Amino acid sequence: MKRTLITSALPYANGYIHLGHAAGAYLPADIYARFLRLSGEEVLYVCGSDEHGVAINISAEKEKVTPKEIIDKYHNANYEAFNKFAMTFDIYSRTSTDVHHRTAIEFFEDLLSKGHLAEKDEEQFYDKKAEMFLPDRYVEGICPNCGYDHARGDQCDQCGAYYNQLELKSPKSIISGETPIVKKTTHWYMKFGDFQQFLEKYIEGKSDSWKDNVLQQSRSWLKQGLADRAITRDLNWGVRLDRVHGIDKEKAKGKVLYVWFDAVLGYISMTKEWAEAQAKNNNGTSEDWKKWWQDSDTRYVAFIGKDNIVFHTLIFPAMLSAKGGYILPNNVPANEFLNLEGRKFSKSMNWSIDLRDFQKDFPDAQYTDSLRYTLAMNFPESRDSDFTWKDFLNRNNNELADIFGNFVNRVMQFVFKNFGQKVPTLSETSKSLVGDWNNLIDYLESSFDGNFDKAYNSIPEKQRQQFSNEELSLIFALWKGAKETTRLYNKFKFRDAITETMNIARAANKFFNDAEPWKAIKQDPEKAVRSLFICVQLVHSLSIYFAPVLPNSSKRIQMLFDFDVEVGNANGAKAGENYWLTAVYPSIEEGKKLQQPSIIFNKIEYSTIEPQIKKLGENNGAKADELIDFEYFQKIKLKTAVVTAAEKLKKSKKLLKLKVKIGDKEKQIIAGVAEHYEPEYLIGKVIVVVDNLQPAKLMGEESQGMMLAASTDDGKLCFVTPENSEIPDGAEVR
RNA sequence: GCCGGGGUAGCUCAGUUGGUUAGAGCAAUGGAAUCAUAAUCCAUGUGUCGGGGGUUCAAAUCCCUCUCCCGGUACCA
C-alpha cells in the first residue's frame with residue numbers, strides 16, 4: 001500500500017495568508033491530499049507556522065508587543081483562515097513548540113558531530129549595556145556612503161547602499177542608545193560543499209519526474225557551486241544554541257539557529273507532535289512519525305512556491321541526508337506566482353486579497369468552493385498566472401452554477417417532481433442496467449491501453465446493445481473523465497484534471513438533453529426512468545470527483561443521498577476505501593429516498609465584485625495624513641534648471657547623467673528616467689530640481705540634486721517643467 | 001552584467017523523443033430544446049505560434065540573433 005507524506009511551505013507568522021499564497025503551496029496540496037485519501041491511500045498532510053527569524057522581532061517592536069504576541073496573532077489568524085478555506089491538515093502546528101526546538105537541536109548536534117559544520121569567528125557590534133550582539137537591523141549610524149544619519153547596520157535606507165556593518169560611522173545600538181563595541185563572535189556554517197555531488201545525483205535522478213522550473217533552478221545553483229552558509233545568528237528569538245551539547249557555552253550565548261535552518265525541520269517536529277497526539281488517543285504510538293520520515297515505502301511530496309525551491313530541493317535534502325536515515329522529497333511541485341488583476345501581490349501597495357478579507361466578504365461556504373475552483377483553474381503551474389475578480393465571477397456563474405450546479409439541480413428537481421422524491425425504480429426490462437454498467441466498466445478497465453478512441457470502438461457488440469447510444473457515450477465519458485482526472489492529478493496537473501472533471505458534467509448535461517426525459521415521461525416512461533436513474537448516479541459520481549476542489553458543495557450533494565460524506569477530509573492518516581475507483585460504477589439504489597435539493601451555486605452579480613475591484617490599490621503607500629509645516633517646506637530649495645547635456649549611464653537601465661545649468665551654476669544630476677526619455681530629448685528642456693539635496697554617488701557618478709518628475713502607480717513617468725519655458729533657469733520654485 | 005523562465009485565438013492558458021488540417025475553456029455569432037439557477041445542447045476560428053536568420057524532406061518544437069515582460073543573482077549606488 002502506498003503511503004504519502006504531504007507538506008506545504010510553512011507560512012511565516014508575520015502576516016496574513018493571501019490568495020497568492022493559497023494558490024502557490026496550500027490549495028494544491030489540499031486538493032492532492034483529498035484526492036489521495038478518496039483513492040483510499042494513507043496520507044499525512046503536515047503544515048504549521050514558521051515563527052522564528054528577525055522579521056518577527058522587528059514587527060514586535062513596531063507594534064510594541066512581544067514576539068510571542070505577534071506569532072500568536074498570526075498563527076491563530078492563519079489557522080482560522082485555512083480552516084474556513086477547507087484545508088485538511090492532519091496537523092497545523094508551529095515552530096515555537098518544545099518538540100520543534102529539540103528536533104532542530106538534535107539535527108544541529110548531529111551535523112556538528114559529523115563535521116558538517118564549521119565554526120567561524122567574525123567581528124560584530126556588541127552592546128555592553130544590553131549584553132548582546134547586535135544584528136544588522138539593531139544598529140543605526142551614519143551611512144559611509146551618503147552621510148545619512150539614520151542608516152541601518154547593513155544598508156542605508158536613504159541611498160540604498162549595502163556595506164559591512166563595521167563600516168557604519170558613529171554606530172549606535174537602537175536598544176540602549178549606547179555606542180557598541182566591536183567584539184568577536186562565533187557563528188556556525190553548514191558546509192554545503194560536502195553535499196555537492198550527492199545533490200547533483202539526487203537532482204538528476206529526478207529529471208524525469210520533476211517539473212522543469214524546479215529542475216532548472218536547482219541545477220543553476222549546483223552549477224554555481226554550493227558555498228558554506230551561516231546557520232546561526234545573534235538573536236534572542238528562535239531555537240537557542242545554549243541548549244546544544246558539544247559547543248562552547250560562552251560562544252553559544254545569545255545565539256539562535258538561522259530561521260531557514262530550523263523552519264524546514266518543522267515538518268518533522270510537527271509530524272512528531274501529530275504522532276504524540278495520536279498515541280494519546282490510542283491510535284498508534286509516539287514513534288509513528290518514523291513511519292513517515294524514515295521508511296522508504298513513504299513518498300514525500302513538498303508543495304511550495306517558486307521562492308522556496310532551493311531550500312526544498314537542495315538545502316533540506318542535504319540536511320536530511322547528513323543526518324541519515326531520512327527519506328528525501330520524491331517530488332517538489334513548486335508553483336510559480338499568482339498575480340492579481342495583472343499585477344504582483346503587494347501588501348504595501350494594498351494590492352492584495354487576504355484569505356480572511358475574502359472570507360469576511362463572502363462568508364458562505366459555497367463561495368469558498370468558488371474561490372478554490374477559480375484559483376485551481378488558474379494555478380501558476382508552469383508560469384505566473386493571473387487572478388481576476390471577473391474570472392471569479394465567470395467561473396462561478398458559467399461553470400460551477402450553469403454546468404455542474406444546474407445539472408445537479410435539474411436532475412434532482414425532475415426526480416422530485418416526477419418520481420416521488422425517490423430514485424426511480426427500474427422496470428423489469430431494465431433490471432440488468434446496473435450489472436451491464438458494471439460489466440462495461442470492467443471491460444474497459446481490463447482492455448485499456450491508453451487509447452480512448454480504441455477503447456470505445458473495441459466495446460463488443462453484445463455489450464453495446466445493452467445500452468442506447470446516449471447511455472453508452474455517457475458512461476464512457478464518465479469512465480474516461482475519471483481516468484483522465486486521475487492521471488492528471490498524479491502528474492500534478494491540477495488545472496487539466498479539474499477541466500476533465502467538468503467535462504463529465506458537460507457530458508451529463510448532454511445526456512439529459514438528448515434523453516429528453518420531459519418528453520419521455522409521457523411517451524416512453526421506461527426510458528425516462530432509465531435516464532433519470534443514470535443521472536442520479538452521475539450526480540453522486542460528480543460529487544466524488546469534484547470533492548478535492550469543491551469539498552463543501554460535494555458534501556451538500558452527498559447529504560442528499562443520506563450517505564456518509566466522503567470528501568477526502570483528514571482521517572488520522574488511515575488507509576480507506578477507494579471511492580475514487582468505485583465512483584465510476586452505479587452505487588445509488590433504486591427507490592432510495594432523497595433529501596430536498598437546493599441550489600448549490602448561486603450566481604454572483606457584477607455589482608458584488610465591483611467594490612472588490614475598486615478597493616484594490618486604495619490608500620497605498622503614502623502617508624497622506626502626515627502634515628509638514630511651512631518652515632519645513634522652506635528648507636527645500638527648488639529651482640528651475642536647463643538641461644545642457646544628457647547621456648545614458650553605462651551599465652544602468654534606469655539612470656541618465658544630466659548636466660544642468662541653474663542660473664550661473666552648473667550641476668551634475670543622475671536621474672532615473674532612462675526608461676522614459678531619450679537623452680537627446682531632454683537637452684534644452686527646462687526642468688525643476690531640488691537644489692539643496694545632499695549629494696550622493698550613484699553607480700560611481702556624483703549626483704548633486706534631484707530632477708522632479710510625476711509618476712503613476714503603473715510606472716509611467718514624466719518630468720516637471722514650468723508652464724512657460726521663457727522663464728530663466730535658476731528661478732526659485734515655491 | 002550574469003543565470004533562469006516567459007512572449008501561442010478577443011481573454012486565460014495547454015502544447016519537448018521536430019511530422020499529418022496548432023488545441024482547451026471562456027467570450028462572440030447562428031441554430032435546437034424548454035426538465036432546470038434564461039440554466040442546457042449542437043455548429044462556427046484567415047492565430048505573421050514576439051521579429052529575423054539557420055539546420056531539416058518537415059520547426060510553435062532544435063541552433064543563432066534581436067526585442068519585450070517576469071524572477072534570481074552580482075557589481076556600482
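Residue numbering restarts at 1 for every chain, and letters A, B, ... go by the order of the sequence lines. Heavy atoms only: backbone and side chains are in, while hydrogens, waters and symmetry mates are out. The shown structure was predicted, so the numbers you read here are calculated from the model rather than taken from an experiment.
Note that the CD1 atom of Ile353(A) and the NE2 atom of His18(A) stand 10.0 Å from one another [nearest 0.5 Å]. Of the inter-residue distances, the one linking Glu341(A) atom CD with Asp386(A) atom CG reads 7.0 Å to the nearest 0.5 angstrom.
The CD1-P distance, from Ile403(A) to rA24(B), rounds to 15 Å in whole Å. rC35(B) atom P lies 10 Å from atom CZ of Phe512(A), rounded to whole Å. Summarising the geometry, the separation between CG on Asp402(A) and C1' on rA27(B) is reported as 14 Å, rounded to the nearest angstrom. One atom, CE of Met502(A), and another, C1' of rU40(B), lie 14 Å apart when rounded to the nearest Å. Nucleotide rG72(B) holds its C1' atom 12 Å from the CZ atom of Phe311(A), rounded to whole Å. Phe392(A) has its CZ atom 17 Å from the P atom of rA27(B), to the nearest Å. Between Arg219(A) atom CZ and rG5(B) atom P there is a gap of 10 Å when expressed in whole angstrom units. Here the P atom of nucleotide rU40(B) and the NZ atom of Lys603(A) are 7 Å apart, to the nearest Å.
Checked against salt bridge (Lys or Arg N to Asp or Glu O under 4.0 Å), Glu470(A) has no partners two or more places apart in sequence or in another chain.
Rounded to a whole angstrom, the distance from the C1' atom of rC69(B) to that of rU8(B) is 16 Å. Here the separation of rG15(B) from rA39(B), taken at their C1' atoms, is 33 Å to the nearest Å. rG23(B) and rC49(B) have their C1' atoms separated by 12 Å, given to the nearest Å. Look at the P atom in both rG25(B) and rU40(B): the space between them is 14 Å, to the nearest Å. Here, rG51(B) and rA59(B) have their P atoms 15 Å apart, quoted to the whole Å. Nucleotides rU12(B) and rG52(B), compared at atom P, are 23 Å apart to the nearest Å. Separating the P atom of rU61(B) from that of rG54(B) is a span of 14 Å, rounded to the nearest Å. Atom name P, nucleotides rG50(B) and rC13(B): the rounded distance is 15 Å, in whole Å.
Heavy atoms from other residues, nucleotides or ligands lying under 6.0 Å from NZ of Lys555(A) number 12 at most.
Put simply, Asn398(A) has a side-chain N or O that comes within less than 4.0 Å of OP1 or OP2 on rA27(B).
The side chain of Phe414(A) lies closest to rC35(B) when the candidates are rC41(B), rU34(B), rC35(B). For Asn406(A), the side-chain atoms get nearest to rA39(B) when compared with the rest of rU40(B), rA39(B), rC26(B). Checked against rC41(B), rU37(B), rA24(B), the side chain of Thr499(A) finds its nearest nucleotide in rA24(B). With rC35(B), rC41(B), rU37(B) as the choices, the nucleotide that has an atom nearest any side-chain atom of Asp514(A) turns out to be rC41(B).
Nucleic acid contact class of Phe601(A) (heavy atoms, under 4.0 Å, all strands): base. Residue contacts shown for Glu399(A) are limited to sugar-phosphate atoms, with no base heavy atom under 4.0 Å away. Phe407(A) comes within 4.0 angstrom of nothing in the nucleic acid, heavy atoms only. Counting any heavy atom pair closer than 4.0 Å across all strands shown, Lys417(A) reaches sugar-phosphate atoms only and no base atom.
Remark: aromatic rings of Phe452(A) and Trp479(A) are close, center separation under 6.0 Å. Not less than 6.0 angstrom separates the ring centroid of Phe601(A) from the ring centroid of Tyr373(A). A distance below 6.0 Å separates the ring centres of Phe392(A) and Phe362(A).
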Anything under 3.5 Å between a protein N or O and an N or O of nucleotides 2-4 of chain B, put it in a table, one pair a line.
residue: rC3(B); atom: O2'; partner: Ser220(A); partner atom: OG; Å: 3.4

Can you pull every protein N or O that's under 3.5 Å from an N or O on nucleotides 11-18 of chain B?
residue: rU12(B); atom: O2'; partner: Asn378(A); partner atom: OD1; Å: 3.3
residue: rC13(B); atom: OP1; partner: Asp386(A); partner atom: N; Å: 3.4
residue: rC13(B); atom: O3'; partner: Arg495(A); partner atom: NH2; Å: 3.3
residue: rC13(B); atom: O2'; partner: Arg495(A); partner atom: NH2; Å: 2.2
residue: rA14(B); atom: OP1; partner: Ser382(A); partner atom: OG; Å: 2.0
residue: rA14(B); atom: OP2; partner: Arg383(A); partner atom: NE; Å: 2.8
residue: rA14(B); atom: OP2; partner: Arg383(A); partner atom: NH2; Å: 2.7

- How far apart are the C-alpha atoms of Glu500(A) and Lys480(A), what are their side-chain angles, what is the distance that settles it, and do they pass the salt bridge (Lys or Arg N to Asp or Glu O under 4.0 Å) test? CA-CA 9 Å; Glu500(A) 288 294 340; Lys480(A) 178 183 172 183; over 6 Å; no
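The side-chain heavy atoms of Met502(A) and Phe546(A), taken from C-beta on, include a pair separated by under 4.5 Å. Looking at heavy atoms from C-beta onward, Thr486(A) lies in side-chain contact with Phe35(A) at the 4.5 angstrom threshold. In this structure the side chain of Thr499(A) reaches within 4.5 angstrom of the side chain of Met377(A), judged on heavy atoms.
Defined by atom type and a distance below 3.5 Å, a donor-acceptor pair is present between the side-chain atoms of Asn503(A) and Arg506(A). Defined by atom type and a distance below 3.5 Å, a donor-acceptor pair is present between the side-chain atoms of Asp369(A) and Ser553(A).
The shortest heavy-atom contact between Met412(A) and Phe561(A) is CE-CZ, 3.8 Å.
Counting only residues at least two apart or in different chains, salt bridge (charged side-chain N to carboxylate O under 4.0 Å, His left out) contacts with residues 397-412 of chain A comprise Arg395(A)-Glu399(A), Asp402(A)-Lys603(A).
For the contact set between residues 503-511 of chain A and RNA chain B, defined by any heavy atom under 4.0 Å, the members are Arg506(A), Asn509(A), Lys510(A).
Taken together, the paired segments of RNA chain B that extend over three or more consecutive Watson-Crick or G-U pairs, each closer than 3.5 Å at both contacts, are B:1-7 with B:67-73, B:10-13 with B:23-26, B:28-32 with B:40-44, B:50-54 with B:62-66.
Between the side chain of Asn378(A) and the backbone N or O of Thr374(A) there is at least one donor-acceptor pair closer than 3.5 Å.
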